[in-house]
Engineer: 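Dumping the structure here so I can ask a few things about it.
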Amino acid sequence: MQKLEKRIFASDVNESNDGLAGYLLGWVHEVRDLGALVFLILRDITGTCQLSLRRNELSKESLSELEKISKESVIMVDGVVRAEPKSRLGAEVKVMSIKVLSKSVEPLPYDVVGKVKASMNTRLEYRILDLRRPEHRAIFLIGDTVLNACREYLRSLGFVEVRTPRIIATATEGGASLFEVKYFDKIAYLAQSPQLYKEELVTIFERVFEIGPFFRAEESHTRRHISEFTSIDIEAAFSNYEDVMDILEGLIVHVIMKVLFERKRELELLNVNLKVPRRPFLRITYDEALRELESIGIKKKWGEDFTTEELRQLGRKHLGFYFITHFPTDSKPFYIKPCESNELLSESFDLMYQWLELSSGGTRISDRALLERRIREKGLNPSAFNYHLKVYDYGMPQHAGWGLGFERLLMVLTRKTNIRETILFPRDKFRLMP
RNA sequence: GCCUGGGUAGUAUAGCCAGGUCUAGUAUCGGCGGCUGUCGCCCGCCGGACCCGGGUUCAAAUCCCGGCCCAGGCGCCA
């Protein structure tokens, strides 16, 4: 087949390109065979477009290629873009020749067009077909913009991107929920957070961030938990919880503006009407949240973390993004700094979107003696943290930071209610494949 | 870890509670045929399924027990 020199993308197939000649590459999304006239919907990275083929105008070779066509086959066609009022899209490609580059099997185990519903299990079993649906692919195109916008924003504030180990010798935040791995003749663990490393690294770079996968061996089986997730983490020297809350707010706003600008088409595909939230985000304290719950008849013992039902109630009241601050010190990990005015409270916060926890952070303890005390109070063994504690002897500035769940943020931005939809290949207690 | 619900063609479902009329219905899908403007094309014919094992019963997709698998909720967390 002779190839015209210019590749035309699906998004080029519109009225203003009437007369444009070239070739198209992509996957057969749909086939509508009317006999003498055949319509194919072609899908490429830019979207879908319609191809029209008249059997009596095709060569013998192209006709035999056309007989091989099946949904999801990879094809190449030569053709011309035509403004076409008879097509609802206003334009189509009049095909001169067609070649099947890679034939797909029939029947496919999964309906890419979406005429028939698929269960979450089927979708994940055939994830690579599931992702071919434009509205599923759109989630990850938005995700790409989110990651880019995060890097752009944090670097603009002087943060340095770092990479810390995924394979660690001991727990960072308590003993539970770690995956064991065989490490030569030793037992090691998969990191559940970069917490201690990023704190140490502020003594080198002052401001660091890391975007990467972390692992939690939680028994959770819910729509918002997976065992391998992506965390966006920052840590900043000479800063407290309020400083990093401002950064988090600014990041969310920047990300949303960027997504609105770069991913209009994807947002439309997902039918999402995204709005830039107004700053500053609402901030309520733990004690205020407790009073709000009490006013609707939920009495809660002071000191405990919120249950899911309580968060749902708070989320009903506070739509959109908001912070809950000043959690009881004992409900937080050992490295969170207690308030100087009241040691029972901590300089901590969670960023919420309605009832979903997106991020949690705070001012960290920068004094070694206090940190050791808190480790002990948490029932952990300080000697397990020897390497970390030593760092506090070498000049440790006040610092603060947070960790933001990337997939959860993506859930919020794409209005998805199951986190498995916002990660390409989810891992949970029951799923290790594909 | 605890609790709840579910498993019927490739996919998604009806049927199950109240066992027989289920030779298991429908949609999509696949095969064949027809169709020159479809756009979730349409029309006709054909094809394909009761998770596994045991039990109850004259009779089991349906009831009971065990197993496997899946979905969701709680606690915990991002």
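Letters A, B, ... mirror the listed sequences (proteins, then strands); counts begin at 1. Heavy-atom basis, side chains included; hydrogens, waters and symmetry copies ignored.
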Engineer: Using the C1' atom on both, measure rC3(B) against rU8(B) and round to a whole Å.
Structural biologist: 27 Å
Engineer: Which of the following nucleotides, rC74(B), rU28(B), rG1(B), is nearest to the side chain of Lys429(A)?
Structural biologist: rG1(B)
Engineer: Roughly how many Å is it from CZ in Arg123(A) to P in rA71(B), rounded to a whole number?
Structural biologist: 12 Å
Engineer: Any stacking of Phe229(A) on rA78(B), going by centres under 5.5 angstrom and planes within less than 30 degrees?
Structural biologist: yes
Engineer: Without decimals, in angstroms, what is the distance between Leu178(A) CG and rA78(B) P?
Structural biologist: 13 Å
Engineer: Show your working on ring pair (Phe, Tyr, Trp, His ring centres under 6.0 Å) between Phe334(A) and Phe385(A) and close with a plain yes or no.
Structural biologist: CA-CA 12 Å; Phe334(A) 66 84; Phe385(A) 297 91; 5.2 Å; yes
Engineer: Under 4.0 Å, heavy atoms only, any strand: does Asp33(A) hit a base, just the sugar-phosphate, or nothing?
Structural biologist: base
Engineer: Going by distance alone, is a donor N or O of one side chain under 3.5 Å from an acceptor N or O of the other, for Ser70(A) and Lys103(A)?
Structural biologist: yes
Engineer: How many Å lie between NZ on Lys94(A) and P on rU38(B), as a whole number?
Structural biologist: 17 Å
Engineer: Taking atom C1' in both rA9(B) and rC50(B), compute the distance separating them and give it to the nearest angstrom.
Structural biologist: 10 Å
Engineer: Side-chain N or O of Arg223(A) less than 4.0 angstrom from OP1 or OP2 on rG73(B)?
Structural biologist: yes
Engineer: On RNA chain B, nearest-nucleotide positions of Glu125(A) versus Leu404(A): which is more 5'?
Structural biologist: Glu125(A)
Engineer: Base, sugar-phosphate or nothing for Thr307(A)? Non-hydrogen atoms, less than 4.0 Å.
Structural biologist: sugar-phosphate
Engineer: With ring centroids as reference points, do Tyr286(A) and Phe306(A) lie under 6.0 angstrom apart?
Structural biologist: yes
Engineer: Please tell me which of the listed nucleotides, rC74(B), rC70(B), rU38(B), lies nearest to the side chain of Asn121(A)?
Structural biologist: rC70(B)
Engineer: Taking only side-chain N and O atoms of Lys86(A), does any of them lie within less than 4.0 angstrom of OP1 or OP2 on rU36(B)?
Structural biologist: no
Engineer: Which nucleotide, rC74(B), rU38(B), rG75(B), lies nearest any side-chain atom of Leu34(A)?
Structural biologist: rU38(B)
Engineer: Any donor-acceptor pair under 3.5 Å linking the side-chain atoms of Ser231(A) with those of Asp233(A)?
Structural biologist: yes
Engineer: Quantified in whole Å, what is the P atom distance between nucleotide rA24(B) and nucleotide rA60(B)?
Structural biologist: 16 Å
Engineer: Just wondering, are more than 12 heavy atoms of other shown residues or ligands nearer than 6.0 Å to CH2 in Trp355(A)?
Structural biologist: yes
Engineer: Applying the Watson-Crick and G-U wobble criteria at under 3.5 Å, what pairs with rG33(B)? Answer none if nothing qualifies.
Structural biologist: rC43(B)
Engineer: Any base atoms under 4.0 Å from Leu89(A), or only sugar-phosphate, or nothing? Heavy atoms, all strands.
Structural biologist: nothing
Engineer: Whom does rA14(B) pair with, Watson-Crick or G-U wobble, provided both distances fall under 3.5 Å?
Structural biologist: none
Engineer: Looking at every strand, decide which applies to Glu84(A) at a 4.0 Å heavy-atom threshold: base, sugar-phosphate, or nothing.
Structural biologist: base
Engineer: In whole angstroms, how far is the C1' atom of rU28(B) from the OH atom of Tyr126(A)?
Structural biologist: 16 Å
Engineer: What is the nucleic acid contact for Glu106(A), judged by heavy atoms within less than 4.0 Å: base, sugar-phosphate only, or nothing?
Structural biologist: sugar-phosphate
Engineer: Closer than 4.0 Å, any side-chain N/O of Asn418(A) to the OP1 or OP2 of rG72(B)?
Structural biologist: yes
Engineer: Please figure out whether His221(A) or Ile226(A) has its closest RNA chain B nucleotide nearer the 5' end.
Structural biologist: His221(A)
Engineer: Should Ser119(A) be listed as having a side-chain N or O under 4.0 Å from OP1 or OP2 of rA12(B)?
Structural biologist: yes
Engineer: Between C1' on rU11(B) and CZ on Arg133(A), what's the gap in Å once rounded to a whole number?
Structural biologist: 12 Å
Engineer: If I pick the P atom on rC2(B) and the same atom on rG10(B), what distance separates them, to the nearest angstrom?
Structural biologist: 34 Å
Engineer: Searching all strands shown, indicate the nucleotide that pairs with rC74(B) (Watson-Crick or G-U wobble; both distances under 3.5 Å).
Structural biologist: rG1(B)
Engineer: Choosing from rG37(B), rC29(B), rC76(B), which nucleotide comes nearest the side chain of Glu92(A)?
Structural biologist: rG37(B)
Engineer: Between rC17(B) and rA61(B), how far apart are the P atoms? Round to whole Å, please.
Structural biologist: 12 Å
Engineer: Counting only heavy atoms not in Arg415(A) (residues, nucleotides, ligands), do more than 12 fall under 6.0 Å from its CZ?
Structural biologist: yes
Engineer: Say you pick atom P in rC46(B) and the same atom in rG5(B); how far apart are they, in whole Å?
Structural biologist: 42 Å
Engineer: Quick one: Asp130(A) CG to rU11(B) C1', roughly how many Å, whole number?
Structural biologist: 12 Å
Engineer: Between rG47(B) and rC51(B), how far apart are the P atoms? Round to whole Å, please.
Structural biologist: 22 Å
Engineer: Output the single nucleotide from rG73(B), rG37(B), rA78(B) whose closest atom is nearest the side chain of Phe39(A).
Structural biologist: rG37(B)
Engineer: Rounded to whole angstrom, note down the P distance from rG75(B) over to rU56(B).
Structural biologist: 44 Å
Engineer: Please determine, for rA61(B), whether a Watson-Crick or G-U wobble partner exists with both distances under 3.5 Å, and give it or none.
Structural biologist: none
Engineer: Less than 4.0 angstrom between a side-chain N/O of Thr122(A) and OP1 or OP2 of rA12(B), yes or no?
Structural biologist: yes
Engineer: Phe349(A) and Tyr241(A): aromatic ring centres closer than 6.0 Å?
Structural biologist: no
Engineer: Within a radius of less than 6.0 Å around NZ of Lys264(A), do more than 12 heavy atoms belonging to other residues, nucleotides or ligands occur?
Structural biologist: no
Engineer: Can you say whether a donor on the side chain of Arg431(A) sits under 3.5 Å from an acceptor on the base of rC69(B), or the other way round?
Structural biologist: no
Engineer: When you get a sec, tell me which of rU11(B), rG37(B), rA78(B) is the closest nucleotide to the side chain of Arg216(A)?
Structural biologist: rA78(B)
Engineer: Could you state the CZ-P distance from Arg55(A) to rU38(B), rounded to the nearest angstrom?
Structural biologist: 17 Å
Engineer: In whole Å, what is the span from the CE atom of Met352(A) to the C1' atom of rC77(B)?
Structural biologist: 11 Å
Engineer: Within less than 4.0 Å of OP1 or OP2 of rC74(B), is there a side-chain N or O belonging to Arg224(A)?
Structural biologist: yes
Engineer: Just to be sure I understand the rule, does Phe406(A) reach a base, reach only the sugar-phosphate, or reach nothing, if contact means heavy atoms closer than 4.0 Å?
Structural biologist: nothing
Engineer: Please check if the distance between the ring centroids of Phe281(A) and Tyr322(A) is under 6.0 Å.
Structural biologist: no
Engineer: Using both distances under 3.5 Å as the test, list the Watson-Crick or G-U wobble partner of rU38(B), or none.
Structural biologist: none
Engineer: What nucleic acid atoms does Lys71(A) come within less than 4.0 Å of, heavy atoms only: base, sugar-phosphate, or nothing?
Structural biologist: sugar-phosphate
Engineer: Need one value for Ser87(A): base, sugar-phosphate or nothing, where a base atom within 4.0 Å counts as base even if backbone is also close, heavy atoms only.
Structural biologist: base
Engineer: Looking only at side-chain atoms of Ser220(A), point me to the closest of rC74(B), rG75(B), rG30(B).
Structural biologist: rG75(B)
